[in-house]
Amino acid sequence: MFTNRQIAFIGPGVMAEAIVAGLIHQSVAAPENIMASGPRLERVEELQGRYGIKPSTDNAATAHQADVVVLSIKPQRMGQVLAGLRDVIKPQALVLSIVAGATIEKISTGLNQANIVRSMPNTPAQIGEGITVWTAAPSVSSEQKEMARQILAALGAEIYMEDEYYLDMATALSGTGPAYVFLFMEAMVDAGVHLGFPRRVAEMLVAQTVRGSVDYYEKRDDPVHLARLRNQVTSPGGTSAAALYYLEKAGFRTAISRAIWAAYERSIELGRGGKAHPPEKNAGKEA
Ligand SMILES: NC(=O)c1ccc[n+]([C@@H]2O[C@H](COP(=O)([O-])OP(=O)(O)OC[C@H]3O[C@@H](n4cnc5c(N)ncnc54)[C@H](OP(=O)(O)O)[C@@H]3O)[C@@H](O)[C@H]2O)c1
């Protein structure tokens, strides 16, 4: 797929490495077709040593040679990096951003470049188990969309959405999602320790319960609503009924729903250039 096409990573960090590893291990691209540029020579040389890709500390020179430029810097570096790449990228090249919150308009205006794909991966992408929601500017060709799909597939599952507004929703649901899951798991582990399990045993019980439940849900022959699976483990007057009654009474669903909505609003706010603020500033604003 990427024979005779150069992919340049601007920002050679954890996510760039996850994509590079996926592309090479899945034979989607060869090392000689991949370049990575960042401020520290030792880091890009580390990637060269591991994967055989071409290292550079010159963003502009690297991006100029590429058919696909992947922006994988931190959001705080975006302004500076876009300014350095303005009018440098080939007009027919594709720019694929994995930077949280950076809108197509912001990238396009900053670079003076029309062909932009914006994506929102999540943390499990680092082990190829992520899910990425992505969208493309109108000028992106179907061939470029296919290239974007293949690059993002190196991080795990990917879902294309026609409209960019889904990216803020994805940020709140799947992008931030691992934080909710880890908090839920942490609370379960602590409860297990409270009951009397050694912490390591409680961690194993919780991790395998979550993993097994997801597999049981997804790997069934007959697709089923989650509520039905929950009902299956809820016998009248039993332990699940007692626990679920307490969770509902404590507003578990409402807390989850409001948390995801808060993340959604914050994503929109940050996309508009809203300043970071301590969470307590918004405390008490909810109904
Ligand atoms: N990590 C995740 O699970 C995750 C999930 C979803 C989305 N994302 C998005 O993915 C992007 C990258 O995240 P990450 O976790 O890979 O971050 P990271 O490991 O910190 O990588 C960022 C890289 O950019 C380099 N860099 C800094 N300034 C630069 C510049 N001026 N030009 C070129 N490179 C520069 C950094 O080099 P130094 O180390 O030398 O500063 C570092 O190698 C972020 O925008 C984030 O929003 C990440």
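In listed order, ligands and their atoms are each counted from 1. This one's a predicted model, so the numbers in the text were calculated from it and none came from an experiment.
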Trainee: Please determine if V14 has a nitrogen or oxygen closer than 3.5 Å to a nitrogen or oxygen of ligand 1.
Mentor: yes

Trainee: For atom 25 (C) of ligand 1, grab the closest protein heavy atom and report residue, atom and distance to one decimal in Å.
Mentor: P12 CD, 3.7 Å

Trainee: Between R43 and ligand 1, is there a nitrogen or oxygen pair with a distance under 3.5 Å?
Mentor: no

Trainee: So is A125 close enough to ligand 1, meaning a heavy atom under 4.0 angstrom away?
Mentor: no

Trainee: Check the surroundings of atom CZ in R220: do more than 12 heavy atoms from other residues, nucleotides or ligands lie under 6.0 Å from it?
Mentor: yes

Trainee: My understanding is that we take every heavy atom of each candidate and find the minimum distance to atom 43 (O) of ligand 1. Doing that for P124, A18, G130, G13, which one comes out nearest?
Mentor: G13

Trainee: Going through the distances and angles, do E17 and L47 end up as a side-chain contact (heavy atoms from CB on, under 4.5 Å)?
Mentor: CA-CA 7 Å; E17 180 165 4; L47 295 182; 3.7 Å; yes

Trainee: Measure across V14 and R43 and return the closest heavy-atom pair with its distance rounded to 0.1 Å.
Mentor: N-NH2, 4.3 Å

Trainee: Is there a heavy atom of P75 sitting under 4.0 angstrom from any atom of ligand 1?
Mentor: yes

Trainee: Under 4.0 Å from a heavy atom of S72: give me the atoms of ligand 1 that qualify, with their elements.
Mentor: 12 (C), 22 (C)

Trainee: Please state which protein non-hydrogen atom is closest to atom 44 (C) of ligand 1 and give its distance, to 0.1 Å?
Mentor: I73 O, 3.2 Å

Trainee: Which residues satisfy the side-chain hydrogen bond (donor to acceptor under 3.5 Å, both in side chains) test with N112, sequence neighbours excluded?
Mentor: D87

Trainee: Nearest heavy-atom pair of A66 and M35: which atoms, and what distance?
Mentor: CB-CE, 4.0 Å

Trainee: Could you check atom 48 (C) of ligand 1 against the protein and tell me its nearest heavy-atom contact, residue, atom and distance included?
Mentor: M15 CG, 3.5 Å

Trainee: Provide the closest heavy-atom pair for V88 versus A60 in the form atom of the first, atom of the second, distance.
Mentor: CG1-O, 3.2 Å

Trainee: Between V81 and ligand 1, is there a nitrogen or oxygen pair with a distance under 3.5 Å?
Mentor: no

Trainee: side-chain contact (heavy atoms from CB on, under 4.5 Å) for M169 and Y264? Distances and angles first, verdict last.
Mentor: CA-CA 6 Å; M169 299 182 202; Y264 172 58; 3.6 Å; yes

Trainee: Any idea which protein heavy atom is nearest atom 39 (O) of ligand 1, and the distance to it?
Mentor: R40 NH2, 3.2 Å

Trainee: With a sphere of 6.0 Å drawn around CD1 of I268, does it hold more than 12 non-hydrogen atoms of other residues, nucleotides or ligands?
Mentor: yes

Trainee: Going by the order shown, which atoms of ligand 1 are within less than 4.0 Å of some heavy atom of I98?
Mentor: 7 (C), 8 (N), 9 (C), 10 (O)

Trainee: Can you report which non-hydrogen protein atom sits closest to atom 17 (O) of ligand 1, along with the distance?
Mentor: K74 CE, 3.4 Å

Trainee: What atoms in ligand 1 come closer than 4.0 Å to a heavy atom of Q126?
Mentor: 1 (N), 2 (C), 3 (O)

Trainee: Is it the case that the side chains of T132 and S119 hold a donor-acceptor pair, with the cut-off being a distance below 3.5 Å and no angle test?
Mentor: no

Trainee: Just jot down the ligand 1 atoms closer than 4.0 angstrom to any heavy atom of G11, in number order.
Mentor: 23 (C), 24 (O), 25 (C), 33 (C), 34 (N)

Trainee: Name the closest protein heavy atom to atom 41 (O) of ligand 1, giving the residue it belongs to and the distance to 0.1 Å.
Mentor: P39 CG, 4.4 Å

Trainee: Quick check: does A100 get an N/O under 3.5 Å from an N/O on ligand 1?
Mentor: yes

Trainee: Identify, by atom number and element, the atoms of ligand 1 in contact range of V99, meaning under 4.0 Å from any of its heavy atoms.
Mentor: 45 (O)

Trainee: What verdict does the salt bridge (charged side-chain N to carboxylate O under 4.0 Å, His left out) test give for E32 and K54, after you've listed the backbone C-alpha separation in whole Å, the side-chain angles of each residue and the deciding distance to 0.1 Å?
Mentor: CA-CA 7 Å; E32 56 270 24; K54 290 181 252 175; over 6 Å; no

Trainee: Any atoms of ligand 1 less than 4.0 Å from a non-hydrogen atom of R77? List them with their elements.
Mentor: 27 (C), 28 (N), 29 (C)

Trainee: G38 to ligand 1: N or O pair under 3.5 Å?
Mentor: no

Trainee: Just jot down the ligand 1 atoms closer than 4.0 angstrom to any heavy atom of T123, in number order.
Mentor: 3 (O)

Trainee: List the closest protein heavy-atom neighbour of atom 6 (C) of ligand 1: residue, atom name, distance to the nearest 0.1 Å.
Mentor: P121 O, 3.2 Å

Trainee: Closest approach of A241 and S235, non-hydrogen atoms and distance?
Mentor: CB-O, 3.8 Å

Trainee: With sequence neighbours excluded, what pairs up with N33 under the side-chain hydrogen bond (donor to acceptor under 3.5 Å, both in side chains) test?
Mentor: none

Trainee: Pairing donors with acceptors under 3.5 angstrom, does anything connect the side chains of S174 and N122?
Mentor: no

Trainee: May I ask you to check whether over 12 heavy atoms, not counting those of Y160, lie within 6.0 Å of atom OH?
Mentor: yes

Trainee: Which atoms of ligand 1 sit under 4.0 Å from any heavy atom of N59?
Mentor: 30 (C), 32 (N), 33 (C)

